[in-house]
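Since the structure comes first, as structure tokens, the remarks are kept for the end.
Each ligand, and each atom within it, is numbered from 1 in the order the structure gives.
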Amino acid sequence: MKDYLIIGAGLSGLSTAWYLRKAGFSVQVLEAQSHVGGRIQTVNEGDWQVDIGANSCLLSSEPVEQLIDALELRDEVVVANSVSHNRFVVRGDRLWALPTSLSALIKTPIVSPLSKLALLAEPFKGSAKAEESIASFVARRLGAEWRDWVLDPFVSGIFAGNPEKISVQAAFHKLWLMEKDHGSLFKGMLARVKARKKDRAAGKFVASNNMISFKRGMGTLNVALAQKMTEDIRCDAQVERLVIKDGLWQAQTVAGEMFAAKKVVVTLDAPDAARLFADLSPEASKLLQQIMSPPLAVVALGFEREQVAHPLNGFGVLIPRSLGIQTLGAIFSSTIFPNRAPEDKVLLSCFIGGSRNPIVARWSEQDLINQVVKDLTPLLGIQGQPVFSRVKVWPHAIAQYHIGHLEQVTKIRQALLRDCPNLATRANWHEGISVPDVVANSERFARQEQIISRVTL
Ligand SMILES: Cc1cc2nc3c(=O)[nH]c(=O)nc-3n(C[C@H](O)[C@H](O)[C@H](O)COP(=O)(O)OP(=O)(O)OC[C@H]3O[C@@H](n4cnc5c(N)ncnc54)[C@H](O)[C@@H]3O)c2cc1C
């Protein structure tokens with residue numbers, strides 16, 4: 001009898017299994033697809049290498065660094081090209097790099113001189129009285145132009161979401177803490193720099209915040225995790241029913257197989273988890289259905305180098321919604337990491353859809369390619385059609401942490417605690433969507449389970 005059933009073999013499921021095994025527990029992972037990895041997938045076609053889900057990982061937590069070492073992946077790591085600090089946004093009909101120094105800030109045409117001057121007043125602005133959206137937070141602290149020309153495309157790029165609805169407290173917790181603890185973003189940033197210095201001097205872990213991937217793409221992480229646990233992972237095993245019988249959890253797959261364990265961890269996205277909990281906990285299921293995860297298409301386009309006039313000397317470009325352009329942005333994949341495109345060619349990973357344009361989920365692949373090429377042609381100076389393309393539509397790409405999200409997650413947890421003993425959830429709809437967040441949460445969960453098991457022995 002296994003200690004844990006883990007439903008789903010995306011990064012949440014795989015890393016939870018990895019840490020639970022390390023803590024001395026036995027696990028059985030069940031995955032619906034014929035392959036592991038979920039939203040992290042690298043596809044190879046000839047000399048093109050495309051990440052059709054997550055494209056990079058920020059080294060922002062200790063567990064993710066430790067996991068890379070434990071999986072012996074250090075030699076596989078590639079750090080983003082140094083020009084990646086250039087992040088472009090569109091204003092007017094051209095690309096401008098976001099300022100990263102004071103002199104660049106003074107010169108940037110992205111916002112008006114008045115909005116630049118307004119930054120001086122930031123440390124003296126009051127704090128919010130209630131939970132608010134990231135749009136209202138930025139407009140209140142920095143001004144409306146920063147919201148419209150910097151924040152808006154940034155939120156579209158990360159969350160494929162609507163900044164007027166996304167909660168600053170839930171989705172941008174570090175920014176929210178800066179205001180709460182220091183009364184200002186500038187003071188908060190200074191305090192962070194000081195704290196990092198102090199930690200470094202004391203020999204504590206300090207995150208490098210380097211942007212990385214792997215020579216063979218982000219999928220390397222799934223493959224390495226899966227290879228260490230082959231005997232514990234079952235693919236093509238979609239769980240359609242979970243029941244608790246005589247104090248044990250039983251998972252029934254669509255093919256009719258049964259698996260049992262003492263505890264279960266559900267690592268599915270909100271829509272899939274809602275379906276699985278429909279009979280077990282109707283209240284949790286209903287609340288999960290309310291967490292929006294809009295569709296998003298990743299459109300990877302390859303061109304001959306000379307087809308693109310722009311030097312592509314940055315991480316990518318984000319496009320403010322007010323311009324009425326459908327494409328949300330493009331990552332300059334072959335600039336950031338090596339081995340993404342054949343010699344003398346470039347690879348762009350473009351995004352279209354999201355919460356303000358969910359209709360794209362119903363478009364054909366060719367329509368998606370045509371729209372993205374049409375949108376980017378004048379911005380990047382593209383000539384002709386792509387020589388390579390690959391499209392992936394994620395029907396429920398990224399969970400949206402809207403205002404009220406934290407309260408909703410608490411209610412879901414309470415309902416599950418009441419209706420489903422010995423069941424836990426680890427998923428991207430709570431505690432962070434990014435790769436380092438997912439890994440850190442899995443590590444913390446296994447540590448807590450180890451403590452609980454010692455106490456109850
Ligand atoms: C397009 C895109 C780009 C992204 N880019 C980045 C990035 O650059 N950097 C970053 O840090 N993060 C990025 N993210 C976020 C990050 O990839 C995800 O948050 C993370 O991979 C989620 O992992 P997960 O295991 O929680 O979910 P998933 O990867 O969705 O895993 C859930 C798994 O459960 C399986 N499943 C579903 N139903 C069942 C069932 N009934 N029975 C068994 N199995 C089931 C699914 O097949 C899937 O494999 C991106 C996400 C998307 C969609």
Practice prompt. Assess the side chains of Thr108 and Arg91: does a donor N or O sit below 3.5 Å from an acceptor N or O?
Written response: no
Discussion item. Taking 4.0 angstrom as the limit and counting only heavy atoms of Trp394, give me the atoms of ligand 1 inside it, by number and element.
Written reply: 1 (C)
Fill in: Per-atom contacts, ligand 1 versus Gln33 - under 4.0 Å to a heavy atom
47 (O)
Fill in: Polar side chain donor-acceptor pair, Asp375 to Gln371, under 3.5 angstrom
yes
Item to complete: In plain terms, say whether Arg426 and Glu449 are close enough for a salt bridge, that is, a side-chain N and a carboxylate O under 4.0 Å apart.
Response: no
Worksheet item: How far is atom 53 (C) of ligand 1 from its nearest protein heavy atom, and which residue and atom name does that atom have?
Response: Ala397 O, 3.6 Å
Discussion item. List ligand 1 atoms under 4.0 Å from Gln238, heavy atoms only on the residue side.
Written reply: 40 (C), 41 (N), 42 (N)
Discussion item. Please identify which of these residues, Leu73, Leu11, Ile233, Val36, meets the side-chain contact (heavy atoms from CB on, under 4.5 Å) condition with Leu225.
Written reply: Leu11
Item to complete: Please name the pair of heavy atoms, one in Trp149 and one in Pro320, separated by the smallest distance, quoted to 0.1 Å.
Response: CE3-CG, 3.6 Å
Discussion item. Measuring from non-hydrogen atoms of Ala399 to any atom of ligand 1, is the shortest distance under 4.0 Å?
Written reply: no
Discussion item. Atom CZ of residue position Arg444 - does it have more than 12 heavy atoms of other residues, nucleotides or ligands inside 6.0 Å?
Written reply: yes
Worksheet item: Can you find a side-chain donor-acceptor pair between Ser442 and Ser15 that sits under 3.5 Å?
Response: yes
Discussion item. Looking at ligand 1, is there an atom of it that comes within less than 4.0 Å of some heavy atom belonging to Asn55?
Written reply: yes
Fill in: Which residue and heavy atom of the protein sit nearest atom 21 (O) of ligand 1, plus the separation
Ile40 CG1, 3.5 Å
Worksheet item: Are the charged groups of Arg196 and Asp199 less than 4.0 angstrom apart, N to O?
Response: no
Fill in: Polar proximity ligand 1 side, Ala32 side, N/O cut 3.5 Å exclusive
yes
Worksheet item: Applying a strict 4.0 Å limit to heavy atoms, is Asp269 in contact with ligand 1?
Response: no
Discussion item. Which of the numbered atoms in ligand 1 are under 4.0 angstrom from any heavy atom belonging to Ser434?
Written reply: 11 (O), 12 (N)
Discussion item. Test of understanding: given a 4.0 Å heavy-atom threshold, classify the contact between Ile7 and ligand 1 as side chain, backbone, both, or neither.
Written reply: side chain
Worksheet entry | Between Ser60 and Asn209, a side-chain donor and acceptor under 3.5 Å | no
Response to the item:
atom 35 (C) of ligand 1: closest protein heavy atom, distance to 0.1 Å, is Glu31 OE1, 3.3 Å
Discussion item. One thing to verify: whether Glu65 and Arg74 come together as a salt bridge, which I'm taking to mean a side-chain N less than 4.0 angstrom from a carboxylate O.
Written reply: yes
Worksheet item: So which protein heavy atom does atom 24 (P) of ligand 1 come closest to, and at what separation?
Response: Ser12 OG, 3.4 Å
Discussion item. Could you tell me, atom by atom, which parts of ligand 1 come under 4.0 Å of a heavy atom of Ala237?
Written reply: 43 (C)
Worksheet item: At what distance is the nearest protein heavy atom to atom 11 (O) of ligand 1, and which residue and atom is it?
Response: Val435 N, 2.7 Å
Worksheet item: To the nearest 0.1 Å, how far is atom 14 (N) of ligand 1 from its closest protein heavy atom, and which atom is that?
Response: Ala54 CB, 4.0 Å
Discussion item. With a heavy-atom distance limit of 4.0 Å, tell me whether Cys57 approaches ligand 1 through its side chain, its backbone, both, or neither.
Written reply: neither
Worksheet item: Should Glu231 and Lys2 count as an ion pair when the cut-off is N to O under 4.0 Å?
Response: no
Item to complete: Identify the protein heavy atom lying closest to atom 37 (C) of ligand 1, giving its residue, its atom name and the separation to 0.1 Å.
Response: Asp272 OD2, 3.3 Å
Worksheet item: Counting each atom of ligand 1 from 1 as listed, which ones have a heavy atom of Leu11 under 4.0 Å away?
Response: 23 (O), 25 (O)
Worksheet item: Got a second to check how far Leu301's CG is from Phe388's CZ, nearest 0.5 Å?
Response: 9.0 Å
Practice prompt. Over all heavy atoms of both residues, which pair between Pro294 and Ile398 is shortest? Give the atoms and the distance, please.
Written response: CD-O, 3.7 Å
Practice prompt. Provide the number and element of each atom of ligand 1 under 4.0 Å from a heavy atom of Val298.
Written response: 1 (C)
Fill in: Nearest protein heavy atom with distance in Å, relative to atom 28 (P) of ligand 1
Arg39 NH1, 3.7 Å
Fill in: Option among Val239, Leu5, Ile7, Val29 that satisfies the side-chain contact (heavy atoms from CB on, under 4.5 Å) test with Phe259
Leu5
Fill in: For Leu30, atoms of ligand 1 separated by under 4.0 Å from a heavy atom
43 (C), 44 (N)
Discussion item. Could you work out, for atom 19 (O) of ligand 1, the closest of Asn428, Ile433, Asn441, Val239 by heavy-atom distance?
Written reply: Ile433
